[in-house]
**Student:** 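Please read through the structure below; I'll follow up with questions.
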Amino acid sequence: MHPSHPPSGRLTALGTQLIEIHHWLREELTRLRASLDSPDGGGAALSRELRAHCVGFCAALDRHHTGEDGGAFQVLADQAPELRPVLAELSADHRIVADLLRRIEALLAEAADGRSVRAELDGLAALLESHFTYEERKLVAALNHLAGDPVELLGVTPPGNGDLLERTETA
């Protein structure tokens with residue numbers, strides 16, 4: 001954003017960025033789950049490419065939540081103390097998501113079949129949908145009302161073209 005734009009405009013842009021990143025993460029999870037439904041994706045063994053896609057997605061999601069917990073939420077708590085209970089709930093969700101990601105990564109390390117991985121991803125998708133919707137509703141409204149210098153809120157920038165591995169390595 002151009003420096004002459006008011007801080008409130010930058011904060012609104014951060015809220016928009018939050019929604020865009022959540023949208024990208026939703027799309028990637030949908031794509032990953034769909035690839036497990038393909039004839040070669042859900043069988044006895046996951047392909048190397050599918051495992052890499054899954055690991056890349058997990059890393060991107062973890063980086064996003066770590067960025068929120070390590071920076072954005074702390075700044076928001078300082079600037080809008082009334083958000084502290086919401087931020088605490090969101091951080092608790094992040095810990096649950098991190099546990100699910102560890103389970104998924106363990107399944108991948110054990111060379112589990114696609115059905116096992118798909119079951120964990122389905123649970124992750126349900127949790128994330130609720131989490132993202134709540135976070136967007138609460139934080140975007142707050143960002144639209146705050147003034148001041150924004151911080152890097154999100155931890156992951158929605159990537160451009162290329163496969164997920166390239167995107168997560170450069171994000």
**Student:** Which residue pairs pass the ring pair (Phe, Tyr, Trp, His ring centres under 6.0 Å) test with at least one member in residues 81-116, sequence neighbours excluded?
**Tutor:**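 Listed once each, the pairs are His65-His94, Phe73-His94, His94-His131.
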**Student:** Under the side-chain contact (heavy atoms from CB on, under 4.5 Å) rule, collect the residues that match up with Ala125, sequence neighbours excluded.
**Tutor:** Leu29, Arg33
**Student:** Please list, chain by chain and in numerical order, all residues satisfying side chain to side chain donor-acceptor pair (under 3.5 Å) with Ser130, sequence neighbours excluded.
**Tutor:** none
**Student:** State the CG-CZ distance between Leu36 and Arg31, to the nearest 0.5 angstrom.
**Tutor:**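 So the gap between those two atoms works out to 12.0 Å.
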**Student:** For residues 100-107, which side-chain N or O atoms pair as donor and acceptor with protein atoms under 3.5 Å away, sequence neighbours left out?
**Tutor:**
| from | atom 1 | to | atom 2 | distance (Å) |
| --- | --- | --- | --- | --- |
| Arg102 | NH2 | Asp99 | OD1 | 2.2 |
| Arg103 | NE | Glu120 | OE1 | 3.2 |
| Arg103 | NH2 | Glu120 | OE1 | 3.3 |

**Student:** To the nearest 0.5 Å, what is the distance between CG (Leu87) and CG (Leu139)?
**Tutor:** 6.0 Å
**Student:** Please round to the nearest 0.5 Å and tell me the distance separating atom CG of Leu121 and atom SG of Cys54.
**Tutor:** 5.0 Å
**Student:** Who passes side chain to side chain donor-acceptor pair (under 3.5 Å) against Thr30, sequence neighbours left out?
**Tutor:** none
**Student:** Could you tell me whether the side chain of Ile19 reaches within less than 4.5 Å of the side chain of Trp24, counting heavy atoms only?
**Tutor:** no
**Student:** Ignoring hydrogens, what is the shortest heavy-atom contact between Asp69 and Ser91? Give both atom names and the distance.
**Tutor:** OD1-OG, 2.9 Å
**Student:** Got a sec, which residues hit side-chain contact (heavy atoms from CB on, under 4.5 Å) with Arg26, two or more places apart in sequence or on another chain?
**Tutor:**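 Counting only residues at least two positions away or on another chain, Arg26 forms a side-chain contact (heavy atoms from CB on, under 4.5 Å) with His22, Glu129, Phe132, Thr133, Glu136.
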**Student:** Roughly how far apart are Leu90 CG and Leu83 CG, rounded to 0.5 Å?
**Tutor:** 9.5 Å
**Student:** Do Arg84 side-chain atoms and Ala77 backbone N/O form a donor-acceptor pair below 3.5 Å?
**Tutor:**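 Side chain of Arg84 to backbone of Ala77: a pair is present.
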**Student:** Do His64 and Leu18 have side-chain heavy atoms sitting under 4.5 Å apart?
**Tutor:**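 In contact.
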**Student:** Could you pull out all residues at least two apart from Thr66 that satisfy side-chain contact (heavy atoms from CB on, under 4.5 Å)?
**Tutor:**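 For Thr66 the side-chain contact (heavy atoms from CB on, under 4.5 Å) partners, ignoring immediate neighbours, are Asp62.
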**Student:** Please examine the side chains of Lys138 and Glu89, heavy atoms only from C-beta on, and report whether any two atoms are closer than 4.5 Å.
**Tutor:**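 Of all side-chain heavy-atom pairs linking Lys138 with Glu89, none is under 4.5 Å.
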